Visitor: 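My structure is below; once you've seen it, I'll send some questions.
Values below: every heavy atom of this structure, side chains too, minus hydrogens, waters and symmetry copies. This structure is a prediction, so every number in the text was calculated from the model and none was measured.
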Amino acid sequence: MIDVRLLRTDPEGTRAALARRGSPELLDQLAEATSTDSRLREIQTQRDTLRAEVNDLSKQVGQARRNGDTAAAEELQARSRAAGEQEKALAAEADDVAARLRDLLLRIPNLPHPDAPDGASDHDNPVVKGPFLPADGFPEHQRVPHWETATALGILDNERATKISGAMFTMQRGPGAQLSRALCQYALDRNSDAFEEIRPPSLVTTATLTATGQLPKFADDAYAIERDDLWCIPTAEVPLTSLYGGEVLDEAQLPIRMMAYTPCYRREAGSAGRDTRGMLRAHEFDKVEILAVTTPEQGAAMLLELRDRAEALIAGLGLPYRIIEICTGDMGQSHHRSFDIEVYAPGCDNWLEVSSVSWFSDYQARRADIRFRTTGEKGTTIANTLNGSALAVPRVWAAIMENYRQADGSVVVPEALRPYMRGVEVIGPR
RNA sequence: GGAGAGGUGCCGGAGUCUGGUCGAUCGGACCGCACUGCUAAUGCGGGGACCACCUUCAAGUGGUCCGUGGGUUCAAAUCCCACCCUCUCCGCCA
């Protein structure tokens, strides 16, 4: 959620910043929020005045009763009742207006960072690093889609996954299953120098899913467990961001760095029929997420730290990659500034998004109510949150199947993963 | 799932039966000052969060906050209802 005060103190700047996202309806919403906000404050002021009157009269009633002056007490009581009735009506209106304002604000996206590139869609995302490709290109034996290679090797069994759970579910077997786990372990181990490992719940409350921005706007993308009013997490970002929700931290604790491996659940509501083969898009997948809670000043540097860490993981696997920056027209609702790491998959002849690193400024932290206090100073400040996929397992798995495929159809295990593979160095036919 | 107990400020813990003088007793921690060669001890003083108004530096005024949300009342930490969470016992269970 953006700060309502911005609408009052810098309406022009706020409007200009949001205009960069390229959505005209958004500016209408903004105008509506602004007028709703001033209406709310007007009513609140009136309501508070009436409340003060009721409070004051009530005190006098108590006083009169103690003095045994029943007549005066009853007269005061009647006046207080009348004021109370007016107050009640105004309070109800204030609650209505406040609810409308909150709903509007929850749907207004974050302001893009001044340095975020302008653009209308994903076609305008500039490459900011790379591409890093092998000097002599890709040999013919790497031009095989991973699903063919992996199915032939008996390590991918999507047919049976579909039998068990339906379309868009995947299943890895044997060394393929080991490889998935190895990637998780690798990503966690490589960041354990600075990040606390968390094993959070995968089912969360509606409030938790609202804090990170998935609700109310994107309810269709998430799996709901209605009977228990819980939701399956689409990413570890959701529980980790809310971990300190509702708390006031000490500035000295910041930045806080956390990481988690979790399964991720996505309905992929808008993507039916897309990427149906292989491992590129599934309702359930594994991911290691890295996340930070910082002061506003620490945000910019942390964004680069997370990006560097995500990049190091991909580079450490010897995969061809590039880094793109997300332009204003392609940014997610909560994003302030954001980078994607893409790996090249020669078999699909596609750049695969394997990591997305984002700075949310105080947008999520305001929803989650994460604040910090500076020692010796009054009041609190809303924190900043950032996160990045350290490693999205299935797409990296797929990229390995294609980039490490040998002429005989076997797949070499990248050096960095071998410690986790029980001695398997090459995945051959089973 | 059943029975019982409980949820109050940074922490501990009163207040709830008997509604008003309770944003809240007391203690600890913390901060400031005094005392002390330094520490400790002691003494004195100070506290939160959030919203609006007013100034917009400081201060001030009003409102809200005693798990959450409703209700009763002139007035609710206190009475009523629902829900959430914690603890103990029972049941079930990897």
Visitor: Starting at CZ of A/Phe372 and ending at C1' of B/A49, how long is that distance when rounded to a whole Å?
Guide: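 My rounded result for the distance is 16 Å.
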Visitor: Counting side-chain heavy atoms from C-beta on, which of B/G63, B/A49, B/C74 comes nearest to A/Gln77?
Guide: B/C74
Visitor: According to a strict under-4.0 Å criterion, is A/Asn55 in side-chain N/O contact with OP1 or OP2 of B/G63?
Guide: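 It does, given that an N or O in the side chain of A/Asn55 lies less than 4.0 Å from OP1 or OP2 of B/G63.
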Visitor: Tell me the partner of B/C83, counting only Watson-Crick (N1-N3 plus N6-O4 or O6-N4) or G-U wobble (N1-O2 and O6-N3) with both under 3.5 Å; none if nothing fits.
Guide: B/G67
Visitor: I want to verify a distance call: between B/U64, B/U72, B/A75, whose nearest atom is closest to the A/Val54 side chain?
Guide: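 So the nucleotide nearest the side chain must be B/A75.
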Visitor: Could you check how far CG of A/Leu40 sits from C1' of B/U64, rounded to whole Å?
Guide: 14 Å
Visitor: By nearest atom, which of the nucleotides B/C74, B/U72, B/U64 is closest to the A/Lys88 side chain?
Guide: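 Looking only at heavy atoms from C-beta outward on A/Lys88, the closest nucleotide is B/U72.
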Visitor: For B/A52, give its Watson-Crick or G-U wobble partner with both distances under 3.5 Å, or none.
Guide: B/U61
Visitor: Please evaluate residues A/Asp340 and A/Ser356 with respect to the criterion side-chain hydrogen bond (donor to acceptor under 3.5 Å, both in side chains), reporting the C-alpha separation (whole Å), side-chain torsions for both, the decisive distance (0.1 Å), and the verdict.
Guide: CA-CA 4 Å; A/Asp340 279 3; A/Ser356 187; 2.8 Å; yes
Visitor: A/Gln44 side chain: which of B/G20, B/A52, B/C50 is closest?
Guide: B/A52
Visitor: Under 3.5 Å for both donor-acceptor distances, Watson-Crick or wobble: does B/G1 have a partner, and if so which one?
Guide: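 Checking every strand shown, B/G1 finds its partner in B/C90, with both distances under 3.5 Å.
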Visitor: Parallel, tilted or perpendicular: which one describes the rings of A/His113 and A/Trp359, with boundaries at 30° and 60°?
Guide: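 The rings of A/His113 and A/Trp359 sit tilted, inter-plane angle from 30° to 60°.
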Visitor: Given the P atoms of B/U86 and B/C31, what is the spacing between them in whole Å?
Guide: 34 Å
Visitor: Provide, to the nearest angstrom, the distance between the CG atom belonging to A/Asp95 and the C1' atom belonging to B/G63.
Guide: 14 Å
Visitor: Any chance you could measure A/Gln364, atom CD, to A/Ile370, atom CD1, to the nearest 0.5 Å?
Guide: 8.0 Å
Visitor: The side chain of A/Asp48 is closest to which nucleotide in this list: B/A52, B/C74, B/G63?
Guide: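 My answer, after comparing the listed nucleotides, is B/G63.
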Visitor: Consider the side chain of A/Arg47, meaning its heavy atoms from C-beta on, and name the nucleotide among B/G63, B/C51, B/C74 that approaches it most closely.
Guide: B/G63
Visitor: Using purine N1 to pyrimidine N3 plus N6-O4 or O6-N4 for Watson-Crick, or N1-O2 and O6-N3 for G-U wobble, each under 3.5 Å, what pairs with B/C31?
Guide: B/G45
Visitor: Checking understanding here: a glycosidic angle within 90° of 0 is syn, the rest anti, so what is B/G15?
Guide: anti
Visitor: Closer than 4.0 Å, any side-chain N/O of A/Arg371 to the OP1 or OP2 of B/C50?
Guide: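 For B/C50, OP1/OP2 do have a side-chain N/O of A/Arg371 under 4.0 Å.
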Visitor: Identify, between A/Thr380 and A/Gly62, the residue whose nearest nucleotide on RNA chain B lies closer to the 5' end.
Guide: A/Gly62
Visitor: Ignoring the backbone of A/Ser58, work out which of B/C51, B/C74, B/A49 is nearest its side chain.
Guide: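 Nearest listed nucleotide: B/C74.
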Visitor: What's the closest nucleotide to the A/Arg373 side chain, out of B/C53, B/A49, B/C74?
Guide: B/A49
Visitor: Give the rounded distance in Å between these two atoms: CZ of A/Arg41 and C1' of B/C53.
Guide: 10 Å
Visitor: Specify the separation, in whole Å, of atom CZ of A/Arg51 and atom C1' of B/C50.
Guide: 14 Å
